[in-house]
Chemist: 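Dropping the structure in here first, questions after.
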Amino acid sequence: MEGDNHVEVVVGADGAIDLYASDAVRTPIPPKDVTGTITIEPKGKGEKQTLTLAPNEAKGSLSAKGPAPDKADYTWDLKVRGAPMKMTLTVPAGGTASLVDAPAEHPAGDHAHGSPHGGVVQSLAGGHVEVKLEKSGDITVWMLDAAEKPRSAKGVKASLRPVVAGSKEVELAYDEKADVLRGKIDPVKQDHVDGVLSITPAGGTATSIRFAFHLEGHAGAGHDGHGHDGHTGHEGH
């Protein structure tokens, strides 16, 4: 997700590439409203190449045909109804299906069964980030390492926007004493609410991650960590 738009990426084992754009509430955006390219940069042998994405009305996607995937970075550079959208996903050999089917770094659901501070944990470059949203509207963000142990949040810039009509993005401030980021939104009335965290680690690159918060007493789980620069393999694609 970036801004108010999502993109779902499917890379087949044969190199076929399909991108599905949707809005903030995941309503499909017609391919005619999206233009752009996708750049494939192999991690090992092979040359970097940029392909133009063409509308595929039958699939409702933007499509291209690349080489059979063998661990490469796929960077899409789009204009979605005039809004720029650029993200990168590392695709393993076998395509995006391998992200869903192969054992992940973290066993499926481990973040849902507990996290260091009772929040929702997702992967972030170099480690993890944990976000806790309370009914009061209080937001706390912890930076975690690869083993989910605390690491400093100093120098991290972040904001959170609830995916609720009329909600505004809230800048998070660094709390030096607790070494966390904090912010506050209006009290949350729903038991289930999504939020989009825009975060730039100290010395790192800005990214947006969508979290699903369950506020009826269960911390809940976020979307699959692989999809923090987009979404892969969802909704029957």
Side-chain angles (χ1 to χ4, degrees), residues 1-6 24 86-90 104-231:
M1 184 176 189
E2 184 173 348
D4 286 330
N5 297 316
H6 292 79
K86 186 174 183 178
M87 303 184 198
T88 300
L89 177 69
T90 300
E105 268 185 43
H106 309 286
D110 66 338
H111 293 162
H113 295 145
S115 52
H117 310 94
V120 183
V121 177
Q122 291 213 44
S123 298
L124 184 68
H128 301 80
V129 60
E130 179 180 1
V131 182
K132 187 173 185 178
L133 173 64
E134 300 179 61
K135 281 269 191 176
S136 62
D138 289 299
I139 303 162
T140 309
V141 174
W142 294 266
M143 301 300 291
L144 307 172
D145 63 17
E148 296 185 14
K149 300 297 183 184
R151 58 173 173 159
S152 181
K154 189 173 183 178
V156 177
K157 297 182 183 298
S159 61
L160 188 126
R161 180 176 61 83
V163 185
V164 177
S167 293
K168 295 182 179 179
E169 191 166 25
V170 176
E171 295 291 332
L172 305 180
Y174 178 58
D175 180 336
E176 185 173 5
K177 185 175 180 181
D179 199 10
V180 299
L181 300 174
R182 297 190 190 277
K184 188 175 179 66
I185 60 173
D186 291 335
V188 182
K189 297 178 181 179
Q190 303 95 323
D191 283 337
H192 306 272
V193 63
D194 280 13
V196 177
L197 180 74
S198 299
I199 184 166
T200 305
T205 303
T207 190
S208 294
I209 308 175
R210 186 169 177 136
F211 287 78
F213 300 103
H214 297 261
L215 306 179
E216 71 279 63
H218 184 274
H223 289 281
D224 175 39
H226 296 295
H228 291 333
D229 34 8
H231 294 271

Chemist: Is Val141 close to Val131 at the side-chain level, that is, under 4.5 Å between some pair of heavy atoms?
Modeler: yes

Chemist: Within this structure, what is the NZ-CG distance for the pair Lys132 and Leu215, rounded to the nearest 0.5 Å?
Modeler: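 These two atoms lie 10.5 Å from each other.
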
Chemist: Who passes salt bridge (charged side-chain N to carboxylate O under 4.0 Å, His left out) against Asp138, sequence neighbours left out?
Modeler: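 Salt bridge (charged side-chain N to carboxylate O under 4.0 Å, His left out) check on Asp138 returns Lys184.
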
Chemist: Hey, could you give me the CD/CG distance between Gln122 and Leu144, rounded to the nearest 0.5 Å?
Modeler: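 If I round to the nearest 0.5 Å, the distance is 12.0 Å.
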
Chemist: If you look at every heavy atom in Ile209 and Ser123, which pair is closest and at what distance?
Modeler: CD1-O, 3.9 Å

Chemist: Answer yes or no: is there a side-chain heavy-atom contact under 4.5 Å between Phe213 and Val120?
Modeler: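 Counting from C-beta outward, Phe213 and Val120 do come under 4.5 Å.
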
Chemist: Quick one: pull up NE2 in His214 and CD in Gln190 and give me the separation to the nearest 0.5 Å.
Modeler: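 CD of Gln190 is found 12.5 Å from NE2 of His214.
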
Chemist: How far does CE of Met143 sit from CD of Glu130, to the nearest 0.5 angstrom?
Modeler: 11.5 Å

Chemist: Please verify the inter-ring angle class for His117 with Trp142; under 30° counts as parallel, over 60° as perpendicular, anything in between as tilted.
Modeler: parallel

Chemist: What is the minimum heavy-atom distance between Pro201 and Leu124, and which atoms define it?
Modeler: CG-CD2, 4.0 Å

Chemist: What is the minimum heavy-atom distance between Leu197 and Leu160, and which atoms define it?
Modeler: CD1-CD1, 4.2 Å

Chemist: For residues Val180 and Ala153, report the shortest heavy-atom separation together with the two atoms involved.
Modeler: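 In terms of heavy atoms, the two residues are closest at CA-CB, 4.2 Å.
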
Chemist: Measure the spacing between CZ of Phe211 and CG of Leu133 and express it to the nearest 0.5 Å.
Modeler: 11.0 Å

Chemist: Tell me which pairs pass salt bridge (charged side-chain N to carboxylate O under 4.0 Å, His left out) where either residue lies in residues 149-158, with sequence neighbours left out.
Modeler: none

Chemist: Please enumerate all residues that pass salt bridge (charged side-chain N to carboxylate O under 4.0 Å, His left out) together with Asp145, with sequence neighbours excluded.
Modeler: none

Chemist: Rounded at 0.5 Å granularity, tell me how far CG in Asp186 sits from NZ in Lys168.
Modeler: 9.5 Å

Chemist: Shortest non-hydrogen contact from Leu181 to Ala158?
Modeler: CD1-CB, 3.8 Å

Chemist: Which of these, Asp194, Val170, Val196, sits in a side chain to side chain contact (heavy atoms under 4.5 Å, CB included) with Arg161?
Modeler: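 The option that passes is Val196.
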
